[in-house]
Amino acid sequence: MKKNNKYSITIGWLYPDLMNTYGDRGNIIVLSKRAEWRGIKVKVLPINIESSQWSIVNCQLLFMGGAQDTQQEIVNRDLLGAKGRTLVSMIEKGIPGLFICGAYQFLGKYYITAGGKKLNGLGVFPLFTENPGEGAKRLIGNVLAEAVGSNTNPQPPNPNRLLVGFENHGGRTYLSDKNQAFAKVIKGHGNNGEDQTEGIHYKNAIGSYLHGPILPKNPELTDLLLALAFEEKYGKKFHLEPLDDSMEQKAREAIIEKIK
Amino acid sequence: MNLLLILVGKFILFFSKTFNLGSGSTWPGHIALEINPNFIRQVLKKNPDLKIVLVAGTNGKTTTATLLRHILEKSKINVFQNEEGANLLNGIGSSIIKNSNVFGKLNFDTALFEVDENSLPLILDEFEPNILVLLNLFRDQLDRYGEVNTVADKWSKSLQKLKKTKLIVNGDHPELAWMAKESNLKSYYFSIPQNLMKSKFPEDDADFLYCPNCKTKLNFNKISFSSLGLFECPKCEFSNPESKVLNLSNPLTGDYNYYNVEAASVVASEIFGTPLVNIENAFKTFKPAFGRQEVFEKVGKKIMVILSKNPASLNRSFEAVLSVKKDNDSLLMVLNDRIPDGRDISWIWDTDFENFIPNFKNITVSGDRCYDLGLRIKYGMENQSAGRRTKIKIFENLKEAIGKAANETSTNETLFILPTYSAMLEVRKILSGRKIL
């Protein structure tokens with residue numbers, strides 16, 4: 001494979017030691033490898049409680065995973081400060097990002113806990129989340145969805161629109177505008193188990209409930225995020241060399257077969 | 001009533017054994033509890049002299065309970081134990097039915113029950129044990145157990161209700177050490193020799209890095225694995241309690257088993273008064289439990305099966321394999337996603353394949369989710385150059401996978417099999433059959 005050592009990107013990984021449950025770290029591994037296999041250097045910058053808000057500014061791609069409640073509380077406190085404001089302005093500017101589960105919820109306007117407490121989010125994604133209470137069932141299981149175009153992003157992650165993942169959430173998320181959904185649920189629950197929407201596609205950021213983790217079995221989405229990150233850094237369109245994705249496709253087909 | 005339930009249960013046990021139905025470890029208890037929810041409580045009340053030991057934790061329950069049972073039996077203490085995997089209330093009920101006489105009398109000194117982490121609170125609602133061993137808590141099967149912090153909260157609340165139980169607690173686990181301290185129960189803490197704590201950094205699956213008291217990030221001086229180690233909170237100064245280290249030999253493979261060895265030995269020495277020399281002697285004749293480093297011999301080839309069911313468990317299996325691996329030993333990994341394994345296989349991405357894979361030229365893969373596991377291995381290869389790249393061989397059919405991997409293993413070499421729980425049961429079935437190889 002040709003080496004393009006002159007190219008490099010920085011991926012900002014928000015709170016790797018706190019927002020790291022459900023194997024979401026796999027997304028970082030897959031993003032890094034798929035760039036490296038094309039000879040593009042990747043720096044993964046961990047952004048922790050101790051990091052300054054300016055560390056985020058140097059990233060061309062942002063990632064934040066899901067967390068447990070205790071850990072999420074610690075992160076919420078930190079993000080309600082300057083770091084959160086920087087994160088919001090980056091997303092508004094069109095920096096590509098992937099925000100899974102707890103991170104996705106927190107970028108919305110607010111979250112109503114099982115106990116009825118209202119927690120403010122960063123409000124960059126036009127959505128809110130509500131946990132219907134302790135008695136309500138968590139939405140758990142394999143998901144099959146189809147990526148759709150949204151009004152801010154008419155182009156869904158092509159060429160393969162089918163997405164697979166595993167969801168596990170108590171909160172139900174409602175989009176202000178259902179046309180901004182990231183995907184349409186074929187099997188599974190998605191945002192709320194009611195309206196067949198899954199996630200949000202806002203500017204170049206994607207919010208989603210899909211663990212699994214999402215990227216290994218959805219390589220087109222991985223490559224889309226990488227391409228956006230290169231464009232962000234170098235200001236021009238990039239053609240990513242195709243990779244041998246036969247095992248990725250096999251893994252996806254196997255789970256689709258199982259879900260159906 | 002209970003005597004009738006015991007009789008019926010024994011009949012089912014006899015029946016399922018005679019006809020090899022294989023469900024004898026939970027059904028009798030299940031039926032008894034359906035008919036009389038107080039069955040366990042009442043039978044145990046009739047046996048006030050029976051000493052009850054519970055072993056709880058995410059990993060190492062079966063190994064620790066089996067170690068302890070072996071030590072106690074060598075000291076002529078009469079013990080019965082619930083069957084491996086039958087660690088919910090119905091499994092305990094079945095074990096009681098199996099081991100009591102028809103009058104509901106348990107003619108044993110000690111009952112030893114391993115208990116599922118989610119069931120511990122329910123079990124503690126039923127009866128108060130004499131001894132409760134808290135081995136560890138790690139993230140495991142999030143789709144089934146929920147978040148590990150939630151499990152920890154439930155445990156902590158349950159401990160508050162106990163009055164006389166003595167706790168044997170892993171002093172290197174911040175959350176467990178804290179909940180034991182808060183419980184005000186008599187607690188004995190165990191740890192392992194410090195020279196075995198070889199890392200300074202927690203692993204990627206670590207969930208207890210923040211102070212359980214004040215939520216400040218803990219400082220770790222030394223780490224054995226996951227978030228077990230020597231810790232101190234810079235704010236409230238909460239740190240490891242004073243732990244016992246008996247410094248015995250390890251009859252199993254892998255340094256992590258020292259935790260199980262220490263836990264079992266602390267119970268034996270502190271509670272049962274077993275002299276350390278007797279414990280050491282008992283270890284000499286110890287045989288690993290079902291699927292936990294269990295060794296099979298097939299046509300001159302050695303096959304070691306190491307159950308690997310969550311990130312902490314798989315990371316430790318890697319450690320065990322590397323500590324004994326010879327150059328040409330081979331490896332088979334099996335990933336299933338059935339109910340006992342957890343439907344969510346995300347956890348393989350929380351496990352450190354990166355340092356492990358380069359030790360093998362070939363890795364054979366099978367199981368319900370063999371392609372997912374193949375992917376994890378593919379992405380776990382650290383910049384291996386094309387010539388040295390580990391080959392991944394995927395077989396959907398487990399029997400075929402075992403056959404191929406065993407064929408590749410030369411005589412006097414070892415095939416390591418790392419399966420998830422339901423896969424381990426299948427592997428054992430295939431290995432104990434005569435057809436393959």
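Please read these numbers as outputs of a predicted model, since none were measured by experiment. A note on names: the letters A, B, ... follow the listed sequences, proteins ahead of strands, and every chain is numbered from 1.
B:R139 and A:Y22 share no donor-acceptor pair across their side chains, judged by distance under 3.5 Å alone.
Using a 4.5 Å heavy-atom threshold, the side chains of A:M247 and B:I394 count as touching. For the pair A:L18/B:Y210, a side-chain contact is recorded, criterion being any heavy-atom separation below 4.5 Å from C-beta on. The closest side-chain heavy-atom distance from B:R376 to A:I29 is below 4.5 Å.
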Candidate pair B:L142 and A:H211, rule side-chain contact (heavy atoms from CB on, under 4.5 Å), full reasoning: CA-CA 12 Å; B:L142 294 149; A:H211 299 284; over 6 Å; no
Full working for side-chain contact (heavy atoms from CB on, under 4.5 Å) between A:V30 and B:W349: CA-CA 10 Å; A:V30 168; B:W349 293 86; 3.9 Å; yes
Stepwise side-chain contact (heavy atoms from CB on, under 4.5 Å) check, B:N149 with A:Q71: CA-CA 9 Å; B:N149 283 330; A:Q71 275 86 338; 2.8 Å; yes
Verdict with reasoning, B:D350 to A:R25, per salt bridge (charged side-chain N to carboxylate O under 4.0 Å, His left out): CA-CA 7 Å; B:D350 286 330; A:R25 151 182 187 255; 5.3 Å; no
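Among the candidates B:L209, B:D337, B:I392, the residue making the largest number of heavy-atom pairs closer than 4.5 Å to chain A is B:D337. Ranking A:R138, A:E73, A:R34 against chain B, the residue ahead of the rest is A:R34, based on heavy-atom pairs under 4.5 Å.
In this structure, chain A has heavy atoms under 4.5 Å from both the backbone and the side chain of B:D207. Looking at B:E354, the atoms closer than 4.5 Å to chain A (heavy atoms on both sides) all sit in the side chain, from C-beta outward. In this structure, no portion of B:I348 lies under 4.5 Å from any heavy atom of chain A.
Between A:D17 atom CG and B:K217 atom NZ the span is 3.5 Å, to the nearest 0.5 Å. For the atom pair A:L215 CG and B:L375 CG, the distance stands at 12.0 Å (nearest 0.5 Å). If you take CG on B:D344 and CG on A:N142, they are separated by 8.0 Å, rounding to the nearest 0.5 Å. Within the model, atoms CD1 of A:I255 and CG of B:D372 stand 6.5 Å from one another, a figure rounded to the nearest 0.5 Å.
For the pair A:A254 and B:Y371, the tightest heavy-atom approach, listed with the atom from each and the gap, is CB-CD1, 4.1 Å. Here the closest non-hydrogen pair linking B:S346 and A:P213 is OG-N, 4.1 Å.
Panel note: side chain B:D143, backbone A:N168; no donor-acceptor pair is recorded below 3.5 Å. Using modelled atom types, one side-chain atom of A:K33 and one backbone atom of B:M381 make a donor-acceptor pair closer than 3.5 Å. No donor-acceptor pair under 3.5 Å is formed between the side chain of B:R343 and the backbone N or O of A:G141.
Around atom CG of B:N355, no more than 12 heavy atoms belonging to other residues, nucleotides or ligands sit under 6.0 Å away. At most 12 non-hydrogen atoms from other residues, nucleotides or ligands lie less than 6.0 angstrom from NZ of A:K250. Other residues, nucleotides and ligands place more than 12 heavy atoms under 6.0 Å from the CD atom of A:E50.
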